[in-house]
*Asks:* 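Dropping the structure in here first, questions after.
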Amino acid sequence: MDLQFTADEIAFRNEVRAFIRDNLPREIHDHMRRGYTARKQDTVAWHRILNARHWAAPSWPKEWGGPGWTPVQRMIFAEENLLAAAPEPWPANSNLMGPAVIQFGSERQKKRFLAPAANMDEFWSQGFSEPNAGSDLAALRTAAVRDGDDYVINGQKIWTTNAHWSDWCFAIVRTDPKAAKPQQGISFILIDMKSPGITIRPIISIDGYHHLNEVFFDDVRVPAWQLVGEENRGWDIAKFLLGNERIGIARLGRSRERLRFALEKARGQRSRGKPLIEDSGFRRRVAELEVELKALEITQLRLVSAHDKAHGDGKPDPLSSVLKIKGSELIQAASELVMDVGGPLSMPIWAQELEALTNSPEHPDWTTPSTALYLHLRAASIYGGSNEIQKNILAKAVLGL
Amino acid sequence: MDFDLTDEQRQLADSVGKLLADDYSFDKRKGYLKQAGGSAALWQSYADLGLLGLPFDEADGGFGGGPTELMLVMEALGRSLVIEPYLPTVVLGGTAIRVAGSAEQRKRILPKLVEGGLKLAFAHGEAEARYDLSDVTTTARPSGSGWVIDGAKSVVQGGSVADLLIVSARMSGARDDPDGISLFIIAADAKGVSRKSYRLRDGTDAADIVLSGVEVPAGDLLGKPGEGFTVVQRVTEAGIAAVAAEAVGAMEVIQAMTLDYLKTRKQFGRAIGQFQALQHRAADMLIALEQGRSMAMLATMAPGIADKVERARNLAMAKAGIGRAARFVSQNAIQLHGGIGMTDEYAVGHYFRRLMVIEHCFGDTDHHLATVADAVA
């Protein structure tokens, strides 16, 4: 047993680290470090820089423009990227649509969609949840009815992240309302967001930002060749994607980045007559987080290493739910810590951009966005299969209850 | 990075597992608990299987096993709640002799230990020292060519059944000074040694040991005079690694017992494992067990970290992490069992008490979290 990276893995990590350091635009880095989520232009710009090296879609094979990395390399890249406060390769493009089309799609779909997705020439969104199909995803009702060479789609999706930025949406829709089980009548389809009949309505989140949307489909015509895999077998693809997300799902890099940021800022905060970083209660809280992060780091190494041994095509390990649950709890705790370091200064909503323009900032530039990030990350234990659903998966698939 | 076991390591785990599966049922263990030091026959079996010589060099009569081998053995001992003094003899006393013993001392002690004829105990902790390794008030003063030891040692694991004690005593310096501490090899029946034997909450043997005017010849000083503290640290690190692995074995068993109970116990007309509140608790136990297992792996590998500060920090994280996991898994194992989990005749409570003792060995969770907190920068 050896917990240390091999010389090759360390060399790879150093290569990734150096590349990010030398190529991540300063402005994006500073923006993310203050606690903001990536803007559209940040994600697009970084995607293109990464894609020039075929790094924008880390899980894809070389044949389709990916780097052909092993699971361990993918994990190292994901963590280094987050640790450096870089935007993530956009999950809808790189982790979801891409792997679904590579695994289940036609040649025509691969040729049409993969390269533009890797280069962010087309921004994708994910149309899964519906008002009455959240954790019970198979209850979805948005219908696709075959009509000549098209499917005609009617219904509604909700919680669609960045639909308002997206050119395309991959969605699961009901193609057989009479199927014996709800899971059996679902198909996976690719939808051009410029199609007539699509209406996007913004949902403003508790952080004050517009990330989420409702998307309405009113007689939207989608060419039949854009259906991925077989009709009525879309649930298999959805399940494949839920298991496929596991590398980097713990987002330890971002938690560590936030923890470092908290320590840096705690040096400048005064509490009870001395720097906050010297406060024993604060240090104890940091220690608890460090212990949890270390344990999860090793748990992740164990799972990814087992995945590596299976040459990356082993079945999804239900234990990856452990990564999702603990990873989301820790990134929430780390963002909470940054907010608390700011103290009362974390509560105002200051218009940082306006102050920057006048070049006379009166307030710390990180407290308002850090509080927004704390609010934003309350969703980390809800999306991608809520932590309660993950525990159901563990109870059934691992524990046999 | 590599989590695979070699064929030899797998064979080792299998053979220990088989021995204990055959000879360490919960009922048989009740019999061993009636004998001081557990089963003499099984102690011999451990020797025959090579377990007592596992971590020692072949030149010293051992088998040259590494940290992973010891982890596998400790996990197996944890699964069966083995009460024989393997930890005090092989891990604690053994590490002290292995890292600090002269060629003569190793030759005198290790072959006999390896064949099962000698039990050791690490008599270091004192009643007021809590978990502070440098808090030693027992004294050693020169006398002729040797030393005279005076003081008292508290909660010495295996101390009641040991043949030889490894005793720490201060030659110079103030109470908490890491410098000035020396280690001595003292026969348990030496003149001036008195033992008050008892059992810990988990049924293992321990003792309070009083040393009054104990004369120790020069040849029984272990390591360099006044420089025993680094040896104490090495012994403690080995102890943390060992009990972390043992805790994983114990947690595996109570987690499995709890699952089994959830699947068979019926209330309200169905198996209680069908209730989501209990399913989620079981999932939380699994998460804690897996996080604990990761920390036991860290504890296993950490003593090999060359940088002293990094090594100490990693071991502190590992012990705090395993302590948290042990407490969560063991408390919930009793809770999910309900009343039967509270009974002495049922195994869960015995695992619970072993894990409780492990939490209080070599620094508890709060102690190690404080160490990690001290290192925050």
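Just so it is clear: chains get the letters A, B, ... in the order the sequence lines come, proteins before strands, and each one is counted from 1.
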*Asks:* Using a heavy-atom cutoff of under 4.5 Å, enumerate the residues of residues 290-297 of chain A that contact chain B, numbered in order, or state 'none'.
*Replies:*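 So the qualifying residues are A:E290, A:V291, A:E292, A:K294, A:A295, A:L296.
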*Asks:* Under 4.5 Å heavy-atom distance to chain B, tell me which part of A:R267 shows up: side chain, backbone, both or neither.
*Replies:*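 It is the side chain, since no backbone atom gets that close.
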*Asks:* Let's test your reading of the structure: which of B:M317, B:Q279, B:M295, B:H280 forms the most heavy-atom pairs below 4.5 Å with chain A?
*Replies:* B:H280
*Asks:* Got A:R33 and A:F261 here, is their nearest side-chain heavy-atom distance under 4.5 Å?
*Replies:* yes
*Asks:* Of the backbone (N, CA, C, O) and the side chain (C-beta and beyond), which part of B:R281 lies under 4.5 Å from a heavy atom of chain A, both, or neither?
*Replies:* neither
*Asks:* Has B:D260 got a side-chain atom pairing as donor or acceptor with B:A256's backbone, closer than 3.5 angstrom?
*Replies:*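 Not a single qualifying donor-acceptor pair exists.
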*Asks:* Give the member of A:V322, A:I393, A:T299, A:V398 that has the highest number of heavy-atom pairs under 4.5 Å with chain B.
*Replies:*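 Greatest number of close heavy-atom pairs with chain B: A:T299.
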*Asks:* Looking at B:D57 and B:R98, does any basic side-chain N land under 4.0 Å from a carboxylate oxygen?
*Replies:*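 Between B:R98 and B:D57 there is no salt bridge, as every charged N stays at least 4.0 Å from the carboxylate O atoms.
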*Asks:* Which word best sums up how the rings of A:F77 and A:W55 line up, parallel for under 30°, tilted for 30 to 60°, or perpendicular for over 60°?
*Replies:*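 Perpendicular, since the angle between the ring planes exceeds 60°.
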*Asks:* Just to be sure I understand the criterion: a residue of residues 358-377 of chain B counts if one of its heavy atoms is under 4.5 Å from a heavy atom of chain A. Which ones qualify?
*Replies:*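 Listed by number, the contacting residues are B:D366, B:L369, B:V372, B:A373, B:D374, B:A375, B:V376, B:A377.
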*Asks:* Is any side-chain heavy atom of B:Q233 closer than 4.5 Å to a side-chain heavy atom of B:T236?
*Replies:*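 Side chain of B:Q233 against side chain of B:T236, heavy atoms only: no contact under 4.5 Å found.
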*Asks:* Checking B:R293 against chain A: side chain, backbone, both or neither under 4.5 Å from a heavy atom?
*Replies:*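 Contact with chain A is through both the backbone and side chain of B:R293.
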*Asks:* Going by an N to O cut-off under 4.0 Å, is there a salt bridge joining B:R354 and B:E246?
*Replies:* yes
*Asks:* Quick check: does any side chain N or O of B:E237 sit under 3.5 Å from a backbone N or O of B:P303, one acting as donor and the other as acceptor?
*Replies:* no
*Asks:* With a 4.5 angstrom heavy-atom cut-off, could you sort out which part of A:L263 is near chain B: side chain, backbone, both or neither?
*Replies:*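 Just the side chain, heavy atoms under 4.5 Å.
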*Asks:* Can you name the salt bridge (charged side-chain N to carboxylate O under 4.0 Å, His left out) partners of A:E79, sequence neighbours left out?
*Replies:* none
*Asks:* Can you measure from CG (B:L336) to CD1 (B:I254) and round to the nearest 0.5 angstrom?
*Replies:* 10.5 Å
*Asks:* Only pairs of heavy atoms separated by less than 4.5 Å count here; which of A:R302, A:R284, A:Q4, A:K391 has the most with chain B?
*Replies:*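 Option with the greatest count: A:R302.
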*Asks:* Taking only residues two or more places apart in sequence, or in another chain, which ones meet B:Y346 in a ring pair (Phe, Tyr, Trp, His ring centres under 6.0 Å)?
*Replies:*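 Checked B:Y346 against ring pair (Phe, Tyr, Trp, His ring centres under 6.0 Å); matches are B:H337.
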*Asks:* Answer yes or no: is there an ion pair linking A:R13 with A:E9, defined by an N-O contact shorter than 4.0 Å?
*Replies:*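 Looking at A:E9 together with A:R13, the answer is no, because their closest N to O distance does not fall below 4.0 Å.
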*Asks:* Give the member of A:E278, A:E288, A:R260 that has the highest number of heavy-atom pairs under 4.5 Å with chain B.
*Replies:*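 Max contact count across the listed options: A:E288.
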*Asks:* Any donor-acceptor pair under 3.5 Å linking the side chain of A:D279 with the backbone of A:F282?
*Replies:* yes
*Asks:* Quick one: pull up CG in A:L373 and OG in A:S335 and give me the separation to the nearest 0.5 Å.
*Replies:* 5.5 Å
*Asks:* As an exercise: rank B:T6, B:L298, B:N314 by heavy-atom pairs under 4.5 Å with chain A and give me the winner.
*Replies:* B:L298
*Asks:* For a side chain to side chain contact (heavy atoms under 4.5 Å, CB included) check, start with the C-alpha distance between A:K396 and A:L401, then their side-chain angles and the critical distance, and finish with the verdict.
*Replies:* CA-CA 5 Å; A:K396 285 187 175 60; A:L401 292 172; over 6 Å; no
